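Have a look at the structure below, then the notes.
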Amino acid sequence: MAGEKVDLSGAKETLLMTLYGKALESRRPHSLLQDRFADEAVRKIDYDFSRLKVDGNLGLGFAIRAKTLDVCVADFLARYPDAIALHLGCGLDSRIFRVDPPQGVDWFDVDYPDVIELRRRLYPSRDRYHLIASSVTEPDWLVEVPRNRPAMVVAEGLTPYLAADEGPRLFARLVSHLAGGELTFDAYSRFGLRLMRLNPAIKATGSEVHWAIEDPRELELAVPKLRFIGEIPSYMPEQGARLGWSARLFIGLWRLIPAMRKVGRLLRYRF
Ligand SMILES: C[S@@+](CC[C@H](N)C(=O)[O-])C[C@H]1O[C@@H](n2cnc3c(N)ncnc32)[C@H](O)[C@@H]1O
């Protein structure tokens with residue numbers, strides 16, 4: 001059934017790029033992500049995904065990133081089963097269902113109102129699962145989020161779309177509202193943003209990318225309660241093995257060059 005009309009543009013439309021990539025990877029025989037929700041959502045949505053030119057390799061890249069973040073979130077929630085999870089710029093990502101958090105966890109998915117409306121139409125609800133329909137840069141939505149519990153904050157594919165001054169302001173608001181926890185997200189250097197602008201999917205959506213992070217420690221200065229824990233390797237050996245030899249060779253050579261290593265990376269902070 002292809003019936004759910006979507007009318008998204010710019011940064012919002014990019015959620016269809018990651019969704020489609022995850023769906024493609026999940027159709028593989030030995031899928032890493034096994035995201036049946038992404039696959040089902042793609043089948044329900046009336047949209048010409050071919051215009052985004054997402055191929056199997058890009059899909060695998062999204063799946064590896066998503067799986068790495070899933071493991072990180074699941075690990076935190078196993079340590080703090082009374083925690084809250086805050087998923088910023090959730091798009092149509094089905095992390096809540098993939099991670100299947102412990103019963104004591106309250107999970108909050110945050111994105112623009114029309115994206116949340118689409119989520120409601122495509123995905124089931126569940127206990128202790130909350131949808132917040134707001135731009136993350138609006139100050140008011142945090143009043144819906146409990147303050148005094150350990151918090152796992154995750155953002156995937158969000159930060160480049162924020163203005164350079166909005167990102168640190170958002171994180172400052174988060175750490176002053178929440179009692180403590182971890183923040184994990186993908187970050188891109190200025191060169192990384194330049195490469196991103198060449199990506200056919202980004203071009204097709206007309207979205208603009210702004211916020212670059214050259215040095216993870218610069219965020220500690222901008223948001224003093226944040227402590228940089230480290231970078232999460234995006235390509236664990238067992239995941240890298242899923243790539244073809246030419247892609248592995250390319251990534252291996254790429255990572256030898258210091259400027260290339262920070263093109264795109266997963267950063268982890270404590271607060
Ligand atoms: C590349 S998509 C990633 C979606 C999802 N995280 C994933 O990995 O599939 C970028 C997402 O960020 C959201 N986004 C961008 N700017 C936002 C903002 N200011 N407030 C809330 N969401 C935002 C978009 O609506 C979109 O869902």
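These figures come from a predicted structure and were not determined experimentally. First listed ligand is number 1; within each ligand, the first listed atom is number 1.
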Geometry only, no angles: is A11 polar-contacting ligand 1 at N/O separations under 3.5 Å? no

Using a 3.5 Å cut-off on N or O atoms only, is Y112 in polar contact with ligand 1? yes

Could you tell me if any non-hydrogen atom of E138 lies under 4.0 Å from any atom of ligand 1? no

How many angstroms lie between CG in L142 and CG in L178, if you round to the nearest 0.5 Å? 6.5 Å

Considering only the protein, which heavy-atom contact is closest to [atom], and what is its distance?
atom                    : value
atom 20 (N) of ligand 1 : V136 N, 2.8 Å
atom 11 (C) of ligand 1 : G89 O, 3.7 Å
atom 3 (C) of ligand 1  : E156 O, 3.5 Å
atom 9 (O) of ligand 1  : T18 OG1, 2.8 Å
atom 5 (C) of ligand 1  : C90 O, 3.2 Å
atom 1 (C) of ligand 1  : T14 OG1, 3.1 Å
atom 15 (C) of ligand 1 : L158 CD1, 3.5 Å
atom 10 (C) of ligand 1 : G157 O, 3.3 Å

Proximal ligand 1 atoms for [X], defined as those under 4.0 Å from one of its heavy atoms:
X    : answer
G91  : 4 (C), 27 (O)
L15  : 2 (S), 27 (O)
S135 : 18 (C), 19 (N), 20 (N), 21 (C)
D93  : 7 (C), 9 (O)

Tell me which part of E166 gets within contact of ligand 1: side chain, backbone, both or neither, using heavy atoms under 4.0 Å. neither

A155, portion touching ligand 1 at heavy-atom distance under 4.0 Å: neither

Give a yes or no on this: more than 12 heavy atoms of other residues, nucleotides or ligands lie within 6.0 Å of atom [atom1] of [X].
X    : atom1 : result
D48  : CG    : yes
R270 : CZ    : no
R79  : CZ    : yes
E208 : CD    : no

Applying a strict under-4.5 Å side-chain criterion to I, L, V, M, F, W and Y, I'd like to know whether F191 and W211 cluster together. no

Selection from T205, L19, I116, D111 by shortest heavy-atom distance to atom 13 (C) of ligand 1: D111

Not counting sequence neighbours, list each pair that qualifies as a side chain to side chain donor-acceptor pair (under 3.5 Å) and has a residue in residues 138-154. D106-R149

What do you reckon, are the aromatic ring centroids of Y129 and Y123 less than 6.0 Å apart? no

Charged tip of K12 within 45° of Y112 ring normal and under 6.0 Å: yes

For the pair K5 and E117, find out whether any cationic side-chain nitrogen is under 4.0 Å from an anionic carboxylate oxygen. no

If the condition is side-chain hydrogen bond (donor to acceptor under 3.5 Å, both in side chains), which residues does Y47 pass it with, not counting sequence neighbours? E13, R51

